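Predicted model, so just to flag it, every value in this text is computed and none were measured. Note that ligands are numbered from 1 as they come in the structure, with each ligand's atoms numbered from 1 the same way.
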Amino acid sequence: MNARIIDGKQVAQKVRQEVAQSAAALRARGVVPGLAVVLVGEDPASQVYVRNKEKAAREAGVEPFDHHLPATTTQRELLDLVARLNADPTVDGILVQLPLPRGLDATAVIEAISPDKDVDGFHPQSVGRLWSGLPGFVPCTPLGVMRLLAEAGVQPDGLDAVVIGRSNIVGKPMAALLVAANATVTVYHSKTRDLPSIVRRADIVVAAIGRAEFVRGEWIKPGATVIDVGMNRIDGGGGGGGAKLVGDVEFAAAAERASAITPVPGGVGPMTIALLLSNTVRSAERRAARTAD
Ligand code: GUN
């Protein structure tokens with residue numbers, strides 16, 4: 001293997017230490033950063049994510065406010081909760097875990113969150129501010145990817161980048177951040193022709209499509225940086241029946257050609273929560289500045 005492994009766990013730990021320092025400084029001024037975490041229903045993967053978010057928050061000095069609602073919750077009840085959280089001065093960030101159970105309108109819920117507390121960066125105002133180059137909240141996973149690139153010493157200026165996937169949570173904001181960092185960006189989606197030739201030109205590959213080992217190692221340009229956002233559970237093989245977590249990139253083959261690559265797990269995954277806490281503390285810092293006036 002030629003590639004350097006970009007250690008997301010280590011970088012996430014560093015971000016969390018920075019967050020903990022900022023949170024401690026705020027607490028010393030009487031401002032406790034607060035993050036409301038809203039989970040509707042019993043989706044097992046979401047329950048794990050939410051539990052991890054709450055634990056990491058507590059460890060960083062951010063107060064988590066749990067709102068775990070039954071799957072039978074109505075749109076009206078959910079919007080009423082968001083309105084209460086918007087008005088609650090102890091809440092700096094509001095996170096509504098997606099996907100929502102069927103019957104609930106995620107777009108309307110996201111639009112109801114105050115852009116001042118939109119630590120996920122999903123509100124249309126946050127999206128518009130990101131594309132306009134204005135300050136605002138940026139979605140945590142793409143923000144984590146930019147931090148990993150920086151820590152790996154990769155400056156996107158003038159480089160060719162391909163973002164594989166165009167979700168609102170990862171692909172689109174990832175493209176916005178790379179454009180803002182002066183990369184030349186191609187976004188892959190289901191109608192794209194000839195992905196291999198696009199990847200072969202790319203100096204930076206960000207894979208966020210949610211398909212196990214979709215990006216073949218042989219497509220990777222020698223010396224490229226590969227960031228794998230995918231987390232796909234597959235049968236572990238070997239007859240043990242255990243599940244194995246793999247990314248969207250064929251790791252071993254890609255690592256032969258790349259100069260740097262993120263592993264799965266231990267790459268992008270740990271960064272998302274760290275950046276969520278970072279966004280929350282930034283929001284609390286803004287509250288502290290307002291109340292100091
Ligand atoms: N579901 C998967 N990723 C995310 C995320 O970053 N934020 C929220 N709210 N839901 C998610």
Aromatic rings F214 and W219: how do their planes relate, parallel, tilted or perpendicular, breaks at 30° and 60°?
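Ring orientation of F214 relative to W219: perpendicular.
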Side-chain heavy atoms nearer than 4.5 Å, only ILVMFWY residues, links allowed to pass through others: does that put V226 and L177 together?
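No, it is not one cluster - the side chains of V226 and L177 are not joined through contacts under 4.5 Å.
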Treat each ILVMFWY residue as a node, draw an edge where side-chain heavy atoms are under 4.5 Å apart, and state whether V229 and I220 are in one component.
no
Backbone N/O of D160 and side chain of R201: donor-acceptor pair under 3.5 Å
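Such a contact is absent between R201 side chain and D160 backbone.
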Kindly say whether R282 contributes a backbone atom to a donor-acceptor pair with the side chain of S22 at under 3.5 angstrom?
no
Can a side-chain donor-acceptor contact be found between D228 and T262 if the only test is distance below 3.5 angstrom?
no
Distances for all N or O pairs of ligand 1 and the protein under 3.5 Å?
residue  : atom   : partner : partner atom : Å
ligand 1 : 1 (N)  : Q97     : NE2          : 3.3
ligand 1 : 1 (N)  : L98     : O            : 2.9
ligand 1 : 7 (N)  : D120    : OD1          : 3.1
ligand 1 : 7 (N)  : D120    : OD2          : 3.3
ligand 1 : 9 (N)  : V96     : O            : 2.9
ligand 1 : 9 (N)  : D120    : OD2          : 2.6
ligand 1 : 10 (N) : L98     : N            : 3.1

